[in-house]
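For this chain, numbers begin at 1 and follow the sequence in order.
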Amino acid sequence: MAEKNGLLIFILTVGVFGIINTEMGVLGILPLLAEKFSVSIAQAGLLVSLFALAVAIAGPVMPLLFSGIDRKKVMLLVLGIFVLGNITAVFTDNFTLMLLARVVPAIFHPVYCSLAFSVAAASASTEAAPKAVAKVIVGVSAGMVLGVPVSSFIASNFSLTAAMSGFALVNAVALIATWFFIPSLPVTVRLSYGQQLQVLKKPDLWLSIAAVVFMNGAVFGVFGYFSGYLTSITGFSWNAVSLILLVYGLMNIAGNFLAGRLLSSGAVAERLVVIFPAALGIVYAAFFWGGSLALPMAAITLLWGVLGGMNANINQYWISTAAPEAADFANGLFLTAANLGTALGSVVCGMVIARIGMQYVMWGGIAFLVLCWVMIIARVYRNDGYFYQRRNGYFL
């Protein structure tokens with residue numbers, strides 16, 4: 001049984017990796033795509049921004065619509081759409097068709113990812129569920145970390161077609177593995193759409209959504225400009241920045257596993273969620289005050305990588321525990337909140353840089369963390385009334 005669950009989670013991880021790789025890998029080949037389609041870099045950027053927008057809009061809707069269908073069939077459908085979209089992207093010379101080949105799969109992105117999290121959690125005991133989800137989220141981290149450099153490497157050493165074909169290949173592998181090795185996963189307890197939408201009446205869920213929006217604003221608002229920070233403030237070369245960001249990504253994966261272990265304990269989990277924004281705030285303050293010191297910056301980035309990897313696990317945990325009765329719908333809301341936070345963080349931190357300078361981007365991140373912490377504490381107060389947890393004997 002353990003071996004079957006291990007194979008199931010591995011296939012889900014590969015599937016999530018393929019989908020995130022399709023989303024993020026294009027960043028590594030945008031200039032080449034702009035050249036191929038004879039458009040500007042800004043226009044080529046629509047391949048990324050419209051994908052993210054489609055995910056954000058579809059997040060709460062699509063998992064709800066597919067919530068009553070056998071989960072294996074749904075995953076096969078989504079992976080098939082991604083394979084077809086990627087194949088279309090390989091062969092088309094029409095930019096409008098290329099946009100459609102990106103946006104249509106993006107609409108189904110939240111369906112697969114929300115199901116992957118739900119199926120992974122359901123395959124384990126209640127206590128071990130966060131560990132199972134953390135293994136799947138490794139696919140998210142790997143897709144974000146490896147997608148850009150791998151697609152860029154393949155395109156520069158082989159061809160743009162080879163790089164684009166790589167996206168299709170990974171999704172095809174996940175599709176075949178799902179077809180042959182994942183059993184039928186019928187929905188045994190089906191909630192009506194109305195029953196699932198009832199969770200939107202829960203204040204805890206809205207507080208959790210707001211916390212995730214602000215947390216992702218803090219993480220990705222800073223991360224989006226971090227390479228510029230390292231070059232302009234710290235004085236690293238682009239080669240050094242590339243290496244640092246690669247190590248950051250590897251630390252993300254370590255953070256996934258660490259968060260999965262910590263979130264498996266209810267008492268530790270709640271403390272972790274409360275402490276996390278403060279820990280990240282300390283890292284950002286250290287970046288601000290030590291920004292010109294190369295060695296400390298490199299060392300602090302390793303710690304930030306671990307925390308950055310924990311971020312997705314904590315966000316998914318915080319929203320899913322606010323609406324456990326509608327797991328797929330809650331995971332869709334998590335994906336929407338995460339994408340909205342990423343977009344909001346990029347805009348706000350970009351405005352901070354434009355108005356007062358690159359160094360102060362860290363304070364943009366800290367402002368988001370303060371707002372996140374307020375939302376977290378509001379939910380804790382609603383459930384506990386105060387910080388002392390008498391039933392567990394600890395102080396948050």
Side-chain angles (χ1 to χ4, degrees), residues 1-25 58 62-63 65-91 101-102 104-125 128-129 131-144 146-147 150-151 154 161-190 253 256-257 260 316 327-328 331-332 335:
M1 185 66 177
E3 289 182 1
K4 290 184 178 179
N5 286 345
L7 179 61
L8 169 67
I9 291 173
F10 176 73
I11 294 172
L12 293 174
T13 303
V14 173
V16 170
F17 169 74
I19 287 175
I20 301 300
N21 187 44
T22 297
E23 177 181 7
M24 301 301 295
M62 296 298 284
L65 293 177
F66 285 88
S67 59
I69 305 174
D70 185 298
R71 292 174 172 184
K72 176 178 179 177
K73 293 179 180 178
V74 175
M75 288 190 286
L76 288 171
L77 171 66
V78 176
L79 291 169
I81 290 171
F82 265 82
V83 170
L84 289 175
N86 283 319
I87 291 174
T88 301
V90 170
F91 292 104
R102 295 277 297 168
V104 172
I107 294 171
F108 290 84
H109 173 299
V111 179
Y112 187 92
C113 290
S114 63
L115 283 181
F117 300 147
S118 300
V119 170
S123 71
S125 64
K131 289 184 182 179
V133 174
K135 292 176 181 177
V136 175
I137 291 178
V138 167
V140 177
S141 295
M144 296 182 71
L146 299 177
V150 169
S151 64
I154 294 175
T161 299
M164 299 291 290
S165 299
F167 303 150
L169 178 62
V170 176
N171 285 288
V173 168
L175 174 66
I176 294 168
T178 300
W179 181 282
F180 285 104
F181 298 110
I182 291 184
S184 177
L185 297 169
V187 178
T188 53
V189 179
R190 180 178 179 180
I253 296 174
N256 289 149
F257 287 112
Q316 190 275 338
D328 293 343
N331 282 323
L335 293 168

Any idea which heavy atoms bring [X] and [Y] closest together, and the distance?
X      : Y      : answer
Gly332 : Pro63  : CA-CG, 3.9 Å
Ala132 : Ile9   : CB-CD1, 3.7 Å
Asn256 : Val138 : OD1-CA, 3.5 Å
Met164 : Ala89  : CE-CB, 3.4 Å
Ala174 : Gly15  : CB-CA, 3.7 Å
Ser151 : Gly25  : OG-O, 2.6 Å

Considering only distance and modelled atom types, tabulate donor-acceptor pairs under 3.5 Å from the side chains of residues 108-120, sequence neighbours left out.
| residue | atom | partner | partner atom | Å |
| --- | --- | --- | --- | --- |
| His109 | NE2 | Glu23 | OE1 | 3.4 |
| Ser114 | OG | Pro110 | O | 2.7 |
| Ser114 | OG | Val111 | O | 3.1 |
| Ser118 | OG | Ser114 | O | 3.0 |
| Ser118 | OG | Asp328 | OD1 | 2.5 |
| Ser118 | OG | Asn331 | ND2 | 2.9 |

Any chance you could measure [X], atom [atom1], to [Y], atom [atom2], to the nearest 0.5 Å?
X      : Y      : atom1 : atom2 : result
Leu175 : Leu77  : CG    : CG    : 10.0 Å
Ile87  : Leu169 : CD1   : CG    : 10.5 Å
Ile19  : Asn86  : CD1   : CG    : 10.0 Å
Phe10  : Leu12  : CZ    : CG    : 11.0 Å
Asp70  : Met75  : CG    : CE    : 8.0 Å
Leu335 : Gln316 : CG    : CD    : 9.0 Å

Quick one: does Lys135's side chain have a donor or acceptor within less than 3.5 Å of a partner on Thr13's backbone?
no
Would you mind listing every side chain to side chain donor-acceptor pair (under 3.5 Å) that reaches into residues 74-85, with sequence neighbours excluded?
none
Applied to residues 163-175, the side chain to side chain donor-acceptor pair (under 3.5 Å) test, sequence neighbours excluded, yields Thr22-Asn171
Check side-chain contact (heavy atoms from CB on, under 4.5 Å) between [X] and all other residues, then give those that pass, not counting sequence neighbours.
X      : answer
Ala172 : Val83
Ala122 : none
Val150 : Leu146, Ile154

Report yes if some heavy atom in the side chain of Met62 is under 4.5 Å from a heavy atom in the side chain of Leu65; otherwise report no.
yes
